[in-house]
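Below: the structure, in structure tokens.
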Amino acid sequence: MADGFFDRYFEALDGPDPLSALELVSAELEFAILFSTKTDERSRQFVGGPDELAAFTEAGDMRGWAHHILSRAVVDGVELVLGETRRDDGTRLGTFVNAARIDAEGRMTHYLTARSPGISFPRPGE
């Protein structure tokens with residue numbers, strides 16, 4: 001699946017207008033984002049619907065880095081991806097795992113993501 005939901009979502013989110021990614025979100029969205037920028041035990045959780053996801057997106061600094069999908073699967077209608085956030089020079093900032101249920105119109109209705117700089121998933125042979 002070279003062009004799954006998260007390919008489209010991250011293309012918009014990492015592009016010149018990050019809020020355009022919200023066009024791929026259902027009005028009934030429920031989400032939880034578990035986010036860590038350090039390797040200590042502290043992390044933050046963000047939950048809500050479309051308005052809260054818009055606020056989370058607006059609060060982030062999207063310059064100089066992007067999402068890169070490493071692996072993907074679809075299980076029982078849920079798209080799952082493993083990926084990394086990387087600076088433009090290729091430096092890894094963190095590893096993430098995302099799960100989303102997509103409705104018949106191609107919009108995300110349920111979204112769970114976790115991100116940590118504390119682990120990476122090297123490909124076999126790396």
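Since the model is a prediction, treat every value here as computed from it, not as a measurement.
Pairing each heavy atom of Thr95 with each of Ile119, the nearest pair is OG1-O, 2.5 Å. Scanning all heavy atoms of the two residues, the minimum distance from Ser26 to Pro50 falls at O-CG, 3.4 Å. A pairwise comparison of heavy atoms in Arg92 and Pro117 identifies NH2-O, 3.3 Å as the closest pair. Residues Phe6 and Ala100 approach most closely at CZ-CB, 3.5 Å, considering heavy atoms. Nearest heavy-atom pair, Asp103 versus Glu105, reported as atom, atom and distance to 0.1 Å: OD1-N, 2.9 Å. Closest approach of Ala21 to Leu13, counting heavy atoms only: CB-N, 3.9 Å.
Annotation: the span from Leu29 atom CG to Arg101 atom CZ amounts to 13.0 Å, rounded to 0.5 Å. Separating the OG atom in Ser20 from the CZ atom in Arg8 is a distance of 13.0 Å, to the nearest 0.5 Å. With rounding to the nearest 0.5 angstrom, the CD1 atom of Ile33 is 10.0 Å from the CD atom of Gln45. The CD1 atom of Ile102 lies 11.0 Å from the NE2 atom of His110; values are rounded to the nearest 0.5 Å. Rounded to the nearest 0.5 Å, atoms OG1 (Thr113) and CZ (Phe31) are 10.5 Å apart.
A salt bridge links Glu84 to Arg86: one of the charged nitrogens lies within less than 4.0 Å of a carboxylate oxygen.
Applying the 6.0 Å contact sphere to CD of Glu52 captures more than 12 heavy atoms from other residues, nucleotides or ligands.
With hydrophobic clusters built from ILVMFWY side chains whose heavy atoms lie under 4.5 angstrom apart, Val97 does not share a cluster with Leu93. Hydrophobic clustering, with ILVMFWY side chains joined whenever heavy atoms are under 4.5 angstrom apart, groups Leu22 together with Met62. Under the 4.5 Å side-chain heavy-atom criterion for Ile, Leu, Val, Met, Phe, Trp and Tyr, Phe46 and Leu19 are members of the same hydrophobic cluster. Leu53 and Leu112 are not part of a single hydrophobic cluster, where members link through side-chain heavy atoms under 4.5 Å apart.
Looking at heavy atoms from C-beta onward, Leu24 lies out of side-chain contact with Met108 at the 4.5 angstrom threshold. Inter-residue side-chain proximity for Thr109 and Glu28 is flagged as unmet; no heavy-atom pair is nearer than 4.5 Å.
Here the options are Asn98, Asp7, Asp14, the test is side chain to side chain donor-acceptor pair (under 3.5 Å), and the partner is His67; only Asp14 passes.
The aromatic rings of Tyr9 and Tyr111 stand perpendicular to each other, their planes meeting at an angle above 60°, with 30° marking the opposite boundary.
Aromatic pair Phe96/Phe10: centroids less than 6.0 angstrom apart.
Judged by distance alone, the side chain of Arg107 and the main-chain N or O of Glu23 form a donor-acceptor pair under 3.5 Å.
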